[in-house]
2 protein chains.
Amino acid sequence: MRADARRNRERILAAARELFAGEPPEVQMDDLARRAGVGVGTVYRHFPDKEALMGELVRERFALFNEQLRLALDAPGEASADALAQALRASAEGLADDAATRFAFMSGGERVFAHAALEADEFMRLAEVLVRRARRAGLLAPGFRAEDIPMMMCGVCSTMGRPGPGWDWRRHFELLIRGMRAR
Amino acid sequence: MRADARRNRERILAAARELFAGEPPEVQMDDLARRAGVGVGTVYRHFPDKEALMGELVRERFALFNEQLRLALDAPGEASADALAQALRASAEGLADDAATRFAFMSGGERVFAHAALEADEFMRLAEVLVRRARRAGLLAPGFRAEDIPMMMCGVCSTMGRPGPGWDWRRHFELLIRGMRAR
DNA sequence: ACCTGAACACCGTTCAAGT
DNA sequence: ACCTGAACACCGTTCAAGT
C-alpha cells in the first residue's frame with residue numbers, strides 16, 4: 001500500500017472514532033471525509049461501506065480484549081477466576097471509553113462481526129482455556145460456559161453511555177461476575 | 001378521536017409490529033403505510049416521526065412488564081425473590097417474542113423512553129417494592145438494588161435474536177438472576 | 001377532522017475525470 | 001495506484017389539495 005494511502009486509511013479511522021463517539025447516528029460520510037481531510041470517494045476506496053468501517057473498529061477492539069485475556073493466562077490456577085474477571089473488567093473499561101466502537105458493536109449487523117471473525121475466534125479460544133482452568137479449580141458456577149462471556153460483554157455494553165436513571169454499568173458488570181463465580 | 005382515525009392508528013401500530021419484526025433497519029415509512037392501508041401522511045398524523053412510533057411500542061411493552069411485576073406482589077415474603085425472578089423471566093420471554101419492540105428498545109434514542117416515562121416510573125416503583133420485600137427476607141445479594149433491574153433487562157435484550165454463535169439469552173438471564181440472589 | 005401522495009430534503013454510494 | 005467531488009438514488013418528512 002502506498003504511503004499516502006496508508007496515512008489516509010489511518011486518518012479515516014481516527015475521524016470515525018472521533019465522530020462516532022459524539023452523536024453516532026448523525027455521522028455522515030461527508031463529515032467523516034472532511035474531518036479526515038480526504039474526499040468521500042477515498043473513504044469508499046478504503047472501506048466498501050459504512051458497516052465495513054464499523055467492522056474495523058470492532059476488529060481492533062477484539063484484539064485489545066484478546067491482549068487482556070492473554071495477560072490472565074499468566075495467573076496460577078487458584079487465581080484464575082480473579083484473573084478472568086479482571087481481564088473482562090479491564091476490557092469493559094476500555095469499551096466504556098470508546099463510544100465509537102460501542103456504537104459499532106450495538107448497531108452493527110452480521111457483516112460487522114464477520115469482519116472481526118478471526119479475532120472473535122481467538123477470543124473464544126482464550127476464554128475457553130481460562131474457563132476450563134477456573135472450573136478445574138472449582139471457582140465457577142456449575143454450568144458456566146465460555147460462550148456466556150460474549151453475552152456478558154454485549155449486555156454490559158448495552159448499558160454503557162445510556163440515559164437510564166441510576167444506570168451504572170460497573171454494577172451491572174459485577175452482578176454478572178457474581179453470577180459467574182462459584183458460591 | 002374519530003372511529004376511522006382510531007382504526008388507522010391501530011393498523012399502523014400492527015404494521016409496525018409486523019414489519020419491524022422482520023428486517024428492522026430496512027423498514028421504510030412507505031412500506032409501513034402501504035401495509036397499514038393508509039397514506040404516509042396518515043402515519044405522520046398519528047406519530048410525529050419514526051421514533052414516536054417506536055416509543056409507543058416501548059410504552060405498551062412496559063405496561064406488560066408492569067402487569068408481571070404486579071402479579072409478583074401476591075407472593076408471600078419467603079417466595080418474593082422467586083416471584084420477582086419469575087416476573088422478570090416472563091417479561092423477558094414476552095420481549096423475546098417481540099422483535100419489533102426489541103429493535104425500538106435497542107436503537108431508540110432518549111425520546112423513545114421519554115414517551116414511556118409514566119410506565120417506566122411505575123416499573124421502578126413496583127421493582128422497588130419487590131426488592132425491598134426480598135431484601136427483608138434475606139433473599140438478595142448484598143447491595144443489589146431495584147435500579148439494577150432495568151440494566152439486567154436491557155442487557156438480556158441485547159443478546160436476543162442476534163447472530164452470536166452459541167448465544168442463548170436464557171442462559172444470560174439466569175446468570176444475572178444468580179448474581180441477584182443471596183448465596 | 002382526517003386522509004392522500006407528489007414533492008422536497010437529506011445523506012449513502014458511485015463513477016468520470018484528474019494526479 | 002490513488003484521489004476528488006459532482007451526480008445519483010433512496011428514503012424520512014412535509015404540505016397543498018381533497019373528502
Across every strand shown, the nucleotide meeting Watson-Crick or G-U wobble geometry with C:dA9 (both distances under 3.5 Å) is none
Can you tell me if the side-chain N/O atoms of B:H46 get under 4.0 Å from OP1 or OP2 in C:dC2?
no
Watson-Crick or G-U wobble mate for C:dA17, both contacts under 3.5 Å
none
CE on A:M152 to CE on A:M180, rounded to 0.5 Å:
5.5 Å
Does A:N8 put a side-chain nitrogen or oxygen below 4.0 Å from OP1 or OP2 of D:dC2?
no
Find the distance B:R45:CZ to C:dA1:C1' and express it as a whole number of Å.
6 Å
Integer-rounded Å distance: D:dC3 C1' and A:I12 CD1
10 Å
Would you mind reading off the distance between B:R34 atom CZ and D:dC11 atom C1', rounded to a whole angstrom?
12 Å
If the sugar-phosphate is the primed atoms plus P, OP1 and OP2 and the base is the rest, what is the B/S/- string for nucleotides 12-19 of chain C, using protein heavy atoms under 4.0 Å?
SBBB----
Look at the side-chain heavy atoms of Ile, Leu, Val, Met, Phe, Trp and Tyr, link any pair under 4.5 Å apart, and say whether A:L139 and A:V129 land in one connected group.
no
Decide salt bridge (Lys or Arg N to Asp or Glu O under 4.0 Å) for A:R70 and A:E67; before the verdict, give the C-alpha distance in whole Å, the side-chain angles of both, and the deciding distance to 0.1 Å.
CA-CA 5 Å; A:R70 270 189 287 270; A:E67 276 183 33; over 6 Å; no
Before giving the answer on salt bridge (Lys or Arg N to Asp or Glu O under 4.0 Å), spell out for A:R61 and A:E56 the whole-Å C-alpha distance, their side-chain angles and the decisive distance to 0.1 Å.
CA-CA 9 Å; A:R61 179 55 53 184; A:E56 179 61 14; over 6 Å; no
Audit row: A:R89, A:E174, salt bridge (Lys or Arg N to Asp or Glu O under 4.0 Å) steps and yes/no:
CA-CA 9 Å; A:R89 193 175 289 115; A:E174 299 303 338; 2.8 Å; yes
Over 60° means perpendicular and under 30° means parallel, so tell me whether B:F65 and B:F123 are parallel, tilted or perpendicular.
tilted
